[in-house]
Asker: 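Okay, here's the structure, questions in a sec.
Sequence lines set the chain letters: A, B, ... in the order given, protein chains first and strands last, and positions in each chain run from 1.
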Number of protein chains: 2
Amino acid sequence: MGGDKTAVAGDGTIGKACDVLDQVAAFERPVRFAELLDRSNFPKATLYRFLQVLTNQGMLSYDPERQTYAPGMRLVRLAHAAWTQSSLAPIARPFLDALSKDTGETVHLAQLDSSQVLYVDKRNAAQPIEMYSQAGKVGPAYCTGVGKAMMAFLDEDSLNEAVSQQSYHRFTDKTLTSEAALRADLDLIRQRGYAIDDEEHEPGIICVACPVLTSGSRMLGAISVTGSTERMDFNQLEAWVPRVRRVAEQIGAEAQAWRFPETRAKVSNDRMQAT
Amino acid sequence: MGGDKTAVAGDGTIGKACDVLDQVAAFERPVRFAELLDRSNFPKATLYRFLQVLTNQGMLSYDPERQTYAPGMRLVRLAHAAWTQSSLAPIARPFLDALSKDTGETVHLAQLDSSQVLYVDKRNAAQPIEMYSQAGKVGPAYCTGVGKAMMAFLDEDSLNEAVSQQSYHRFTDKTLTSEAALRADLDLIRQRGYAIDDEEHEPGIICVACPVLTSGSRMLGAISVTGSTERMDFNQLEAWVPRVRRVAEQIGAEAQAWRFPETRAKVSNDRMQAT
DNA sequence: AAACCAAGTTTCACTATTTGGAACTAAATG
DNA sequence: CATTTAGTTCCAAATAGTGAAACTTGGTTT
């Protein structure tokens, strides 16, 4: 997966439009028409029209002075709805607050999105934060605590897919850089119920993470507590594991009640019907 | 603008797809196919295909158990890019932190998006009041401090459009419920340089707001400090105005340097004509 | 148990939209 | 002033979207 042009998305016009959005977002800065043209397979006129329409719709914003495109504010509006409805964040919030307060360390809540880690909420060691200052950011799954905790509890098909889509880039000399090594670690994680990140992504950064599961073992996300080797060692960090695990379980239970009822039990009719 | 079905969007397939996204988001809860079908003009099969494709793309998420759709996590990813690049939030962050610390009150940063207030960042009061606002959330412009502060400094065309698109719903008995009343207030705001919200949106909630402007008077957004009538009165709140104004100016200056260079000063010719 | 109903899904002939090569214009450069 | 580069418009060909209707599924009524 080198730097070649993105393959055109599968489904129709809408898929292509989403592709364009991703392309623009990928630059992480306002971007000119020509730059986008290079990196896309679309012919000039086609790309041009896409940018026009998306800008019209507020999905992109256009700066006429600089002639640059950037992701638009309509996305922020929509994402607010997504964050509220489809993420674990609203449910997890009070638990994260408590965990953050108790540990005094950085706490993350993440979900898996196209085999990547998507951070949906966070508490800093220091100050209270708001929404997507950090939430919305993505990171690699194979070398983070939350990523591995989540992958370990995927069903077989999803796991195979996820594992095969990792880049295995070596960030530090402790990074797991092969599918085999990752699978071995995932087995261990599944067995003991939590994952560790021992400076696999950033030097000096260690963390412990637990998956958030429904009672039916459906994996919903993961939470982690992160520390730095300067201030603590693994023994201190692992002491938090039982606490982290309990919080993860609470979030899972809460989520199940609220959003992933998985009931099906015998209750049957959530829809009662007159006449 | 009552509860009738949304008019079909202008531009093509993509516009319609965005419409569907808005429709789903508007429910503020996971929603079933049939519910969406009622509120949209699309025929069954068409809407169905849209939902399929959008779900495929991760713009929506589908819960197979409940058969419900909700805005998808891909939006959160994209919005992160939008927030980082197209909003004032990254620039304003340190200033908001300081302002929040100094005042101890709730602080908002907002931008105008389709004539509505879009909150892009927020700091909670030391003693938080339960209140309607979070990053990504939208609210009315005609009855909020930030909304009025922004509208007052729009150019004439934009102002006319914005003013005409307000709903003028009466939230409290102090809400301005006519275009004339709003325009009068906007004149006053323009003159004194800041806006107030005197329980016009929520009873007991008052605020002062200043616009964020470039040196060329281009309106970029607004910031506000909010309080509750239980703990303070307007005199106390208005004492913060100079401080708020200074922060708004700092943000404006910073933003101009970073993102809205507006240099080009006298270059003038948006249309210069050869020969 | 058979008939019924409602919600969701698939089909397919019809057509409106998208497509993209190429021509065009505007602005930047030598 | 000639030339290049960047952005915009055109239009015939082809693809992709449309939506009425038929079908499937799962649950409820007679």
Side-chain angles (χ1 to χ4, degrees), chain A residues 5 7-20 23-24 27 30-57 60 62-70 261 263-275, chain B residues 5 8-21 23-24 27 30-57 59-70 263-264 266-275:
Chain A
K5 308 185 174 194
V8 169
D11 10 41
T13 310
I14 296 175
K16 292 176 200 168
C18 293
D19 246 32
V20 172
Q23 305 243 4
V24 174
F27 273 88
V31 64
R32 311 265 298 242
F33 178 78
E35 299 180 277
L36 282 165
L37 188 55
D38 292 346
R39 277 162 195 74
S40 99
N41 297 317
F42 300 113
K44 220 191 204 182
T46 303
L47 179 62
Y48 181 70
R49 258 176 296 104
F50 272 120
L51 293 173
Q52 294 263 84
V53 172
L54 288 170
T55 301
N56 246 317
Q57 292 292 324
L60 295 178
Y62 179 68
D63 177 345
E65 308 221 5
R66 312 212 112 184
Q67 299 188 130
T68 54
Y69 297 89
T263 45
R264 184 190 309 285
K266 283 282 96 90
V267 177
S268 67
N269 66 334
D270 24 13
R271 88 193 41 254
M272 163 152 38
Q273 181 124 10
T275 48
Chain B
K5 307 187 175 194
V8 170
D11 5 49
T13 309
I14 295 175
K16 292 175 200 170
C18 292
D19 245 32
V20 172
L21 287 177
Q23 305 243 1
V24 174
F27 274 87
V31 65
R32 297 185 70 118
F33 178 77
E35 298 181 276
L36 282 166
L37 188 55
D38 292 347
R39 278 162 193 74
S40 99
N41 297 317
F42 301 112
K44 219 191 205 182
T46 302
L47 178 62
Y48 183 71
R49 258 176 299 102
F50 271 120
L51 294 173
Q52 294 265 77
V53 173
L54 289 170
T55 302
N56 247 319
Q57 292 293 324
M59 304 296 276
L60 294 177
S61 71
Y62 178 68
D63 177 345
E65 310 222 3
R66 309 220 111 186
Q67 300 188 128
T68 55
Y69 297 88
T263 44
R264 197 171 314 273
K266 277 283 92 84
V267 175
S268 72
N269 65 338
D270 9 20
R271 67 199 56 252
M272 165 156 34
Q273 182 116 10
T275 53

Asker: Counting only side-chain nitrogens and oxygens, does Arg32(B) get under 4.0 Å of the OP1 or OP2 atom of dA7(C)?
Answerer: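 Indeed not, no polar side-chain atom of Arg32(B) lies that close.
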
Asker: Using whole Å, report how far CG of Asp38(B) lies from C1' of dA6(C).
Answerer: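 One finds 13 Å between C1' of dA6(C) and CG of Asp38(B), rounded.
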
Asker: To the nearest angstrom, how far is Leu37(B) atom CG from dA7(C) atom C1'?
Answerer: 10 Å

Asker: Please list, for nucleotides 13-15 of chain C, all pairs of protein and nucleotide N/O atoms separated by less than 3.5 Å.
Answerer:
none

Asker: Could you tell me how far apart Gln67(A) (CD) and dT25(C) (C1') are, to the nearest whole angstrom?
Answerer: 13 Å

Asker: With sugar-phosphate meaning primed atoms plus P, OP1 and OP2, does Arg49(B) contact a base, only sugar-phosphate, or nothing at under 4.0 Å between heavy atoms?
Answerer: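 If one applies the 4.0 Å heavy-atom cut-off, Arg49(B) turns out to touch a base.
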
Asker: For a quick test of reading the model: is some side-chain N or O of Tyr48(A) closer than 4.0 Å to OP1 or OP2 of dT9(D)?
Answerer: yes

Asker: Report the distance from atom OH of Tyr62(A) to atom C1' of dT8(D), rounded to the nearest whole Å.
Answerer: 11 Å

Asker: Taking C-beta and beyond as the side chain, do Tyr69(A) and Arg32(A) meet within less than 4.5 Å on heavy atoms?
Answerer: no

Asker: For Lys16(B) and dG17(D), is the shortest distance between a side-chain N/O and OP1 or OP2 below 4.0 Å?
Answerer: no

Asker: Parallel, tilted or perpendicular: which one describes the rings of Tyr48(B) and Phe33(B), with boundaries at 30° and 60°?
Answerer: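 Perpendicular.
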
Asker: So Ala34(A), base contact, sugar-phosphate only, or nothing? Heavy-atom distance under 4.0 Å.
Answerer: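 Sugar-phosphate only.
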
Asker: Let me confirm one number: the CG-OG1 distance from Leu60(B) to Thr68(B), rounded to the nearest 0.5 Å.
Answerer: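 Reported value, rounded in 0.5 Å steps: 11.0 Å.
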
Asker: Would you call Pro30(A) and Arg66(A) a side-chain contact if the rule is heavy atoms closer than 4.5 Å?
Answerer: no

Asker: Is Lys44(A) near enough to dT9(D) that one of its side-chain N or O atoms lies under 4.0 angstrom from OP1 or OP2?
Answerer: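 For dT9(D), neither OP1 nor OP2 has a side-chain N or O of Lys44(A) closer than 4.0 Å.
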
Asker: Nearest 0.5 angstrom please: Leu47(B) CG to Gln23(B) CD, how far?
Answerer: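 Rounded to the nearest 0.5 Å, the CG-CD separation comes out at 8.0 Å.
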
Asker: For Phe33(A) and for Phe50(B), find the nucleotide of DNA chain D with the closest heavy atom, then tell me which residue's nucleotide is more 5'.
Answerer: Phe33(A)

Asker: Side chain of Ala45(B): nearest nucleotide among dG7(D), dT11(C), dT19(C)?
Answerer: dT11(C)

Asker: Rounding to a whole Å, what distance do you find between Asn41(A):CG and dT18(C):P?
Answerer: 20 Å

Asker: Using whole Å, report how far CG of Leu51(A) lies from P of dT9(D).
Answerer: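 Between P of dT9(D) and CG of Leu51(A): 13 Å.
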
Asker: What is the distance from atom CG of Asn56(A) to atom CG of Leu51(A), rounded to the nearest 0.5 Å?
Answerer: 11.5 Å

Asker: Considering heavy-atom distances to DNA chain D, does Gln52(A) or Ile14(A) have its closest nucleotide positioned more toward the 5' end?
Answerer: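 By nearest-heavy-atom nucleotide position, the 5'-most residue is Gln52(A).
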
Asker: Might you work through the side chain to side chain contact (heavy atoms under 4.5 Å, CB included) test for Phe50(A) and Ile14(B), ending with a clear yes or no?
Answerer: CA-CA 9 Å; Phe50(A) 272 120; Ile14(B) 295 175; 3.2 Å; yes

Asker: To the nearest 0.5 Å, what is the distance between CZ (Phe42(A)) and CZ (Arg49(A))?
Answerer: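 Rounded to the nearest 0.5 Å, the CZ-CZ separation comes to 11.0 Å.
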
Asker: Distance check: side-chain N/O of Thr13(B) vs OP1/OP2 of dA16(D), anything under 4.0 Å?
Answerer: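 The answer is no; no side-chain N or O of Thr13(B) sits under 4.0 Å from OP1 or OP2.
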
Asker: Scan Thr46(A) against the nucleic acid and name what it touches under 4.0 Å (heavy atoms): base, sugar-phosphate only, or nothing.
Answerer: base

Asker: Rounding to a whole Å, what distance do you find between Leu47(B):CG and dA20(D):P?
Answerer: 13 Å

